[in-house]
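For reference, the structure is listed below as structure tokens.
What you see is a predicted model; the values in this text were computed from it and never measured. As a basis for the values below, the full set of heavy atoms in this structure was taken, side chains included, without hydrogen atoms, waters or symmetry mates.
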Amino acid sequence: LAHAVNSLCSTLESKTMWTIRGMAPLRQSIRHPTGLCHHERKSTYRSGLFSLQKRSPKSQYRRSTTTVSSSSASSKQPKSIWSKLKERPVEYATIPAVAAFVGLTTNWMGVKMLFYPIEYTGFQWYRGDKECPYGVLGWQGVVPCKTERMAGRLVNIVTRRLLSLHEAFSRLDPHELAILLLPAVDEAIQRDCGAHWAKLLRPILPRLLTHIISALQKDIENVLDLRSVVLSAFVRDKEVLVDLFQKVGRTELEFLVESGLGFGALLGLGQMGAWVVSPRPWTLPVAGALVGYITNWIAIKLLFEPADPVQVGPIVVQGLFESRQEQVSEEFGHFMATRVLSSHQLLEALCKDGTDGEFYAFLRRQLPYPIPSHILEAAIKAIVSCATSDSAKYPELHGYMTDLLDIDYTLSCRLKLLSPTDFEDLLHPVFQEDEVILISVGGVLGAAAGLAQTRLGWGGPGAIGKAYATLAFVGASSAAYFFTKKDPPKEERPTRLRRRNTVLRLKLPIETGDD
């Protein structure tokens, strides 16, 4: 019994790191049963470990020492949070530093996962359909994975609210455009149909081209499908849609990444407080998951909410993307005019499918059968040659069409007139698709960083070397992002003053005295 009680007492004391009051008298009573009277031994055994009994002089001495040690231990108050922080400031400083780095890294990775890789990379296990960006050990960028769906929503905005082909082509002068197309058409007829046909048609060819262009302006909506032109441009080359979203949303994407650093540091202070109060193995992983999840969620919300300006005292609050409507509209119009609806692409789309296309049927209706089919085929080949050749070969033609169609200016002006809620649909679909997955990635990476902190002892006792190494690593990595970030090249655009259907243009002739 004595051996068992002594073993139990030693085990409890070693596990709890403090001495249980009354344990020494019990040990003494077991070791020396004759040192206590019959009533003292009986009372001690009945009352258990926490009874206080009258001892013999020898036992009284042991009792007094036990009481003094217990009272001195109970007099020690628990350390405050501030005192714990002052004991190991460097170790605890790693927690908000790592949280800031995790916020920056997870947001950067989330943005990259939106656009890259262009094609699915990895194994096809449990992927599902082609519009699912992820599988087991595989990933494809959300935008290139769902190009058709996103491009379809973008096409609806362009074709229904921003641009009309009939309006754009009505600005062209049929006679002037016929003169610019004449050399290419004459060359194609001479090459494919022979010199005899070229010599025969040369006197009437300018009038024929002028007549065809005039008729085409009236029937352009049936001959050329604008929706198909825009959609095929995005679907044929997925990088076009990726470049569009990265260009018009450049500021918003940078804010999404860089805000993770600030939000992560602020939330890291709370994570550090949780670790000081409750240094459990799960504290840092759980807090790190919350940091990664919340930083992504907050950043995305700040991009688009609120859509309409809200007055909060002297401050006007509005989503970052909506507040840049004017700048985004200009960038969008310029991109669409140069990469999607340029003169090259419009002419190429006009002659799509060759003799089986709508343009060939249109030419056949305008030019009866006395003119053979090979003449029409040569004319179509001439236009395709103008579309696919370098701009330096036909600079006047492409310059004239670009200036007169004026797609850049038309798109940007009308996009500026949209309401903030409608304007939001231009970029928000990128983040709406699988937004939960992107935010969850931040939570998973934050939990992994918190687990690494726990395993390596960061923020814990005796980790001064690791703490300095951690601070150096996260500081250098965060600084490297900002130093290696490249500013987008500035595009030089010709500044042209356009004032169509405005009061300024109507009043100019009166003020200058012109007719």
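L226 pairs with exactly one of L165, I220, V155 by the side chain to side chain contact (heavy atoms under 4.5 Å, CB included) rule, that one being L165. Between D422 and the options R161, R160, K416, R153, a salt bridge (Lys or Arg N to Asp or Glu O under 4.0 Å) holds for only R161.
Among residues two or more places apart in sequence or in another chain, the salt bridge (Lys or Arg N to Asp or Glu O under 4.0 Å) test is passed with E305 by K301.
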List the steps, then state whether salt bridge (Lys or Arg N to Asp or Glu O under 4.0 Å) holds for E252 with R324.
CA-CA 9 Å; E252 288 72 27; R324 289 198 326 113; 2.7 Å; yes

Step by step, would you call S343 with Y400 a side-chain contact (heavy atoms from CB on, under 4.5 Å)?
CA-CA 9 Å; S343 58; Y400 174 78; over 6 Å; no

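Environment of NE2 in H175: sparse, with no more than 12 heavy atoms of neighbouring residues, nucleotides or ligands closer than 6.0 Å. In the displayed structure, R364 atom CZ is contacted under 6.0 Å by more than 12 heavy atoms of other residues, nucleotides or ligands. Within a 6.0 Å radius of CZ in F483, other residues, nucleotides and ligands contribute 12 heavy atoms or fewer.
Of the possible polar contacts, none joining the Y120 side chain to the G141 backbone as a donor-acceptor pair under 3.5 Å is found. Side-chain atoms of Y116 never come within 3.5 Å of backbone atoms of E119 as a donor-acceptor pair (strictly under, hydrogens ignored). Side chain of S342 to main chain of R339: no donor-acceptor pair is present (N/O by atom type, distance under 3.5 Å, no hydrogens or angles).
Rounding to the nearest 0.5 angstrom, the gap separating the CG atom in L405 from the OG1 atom in T410 is 9.0 Å.
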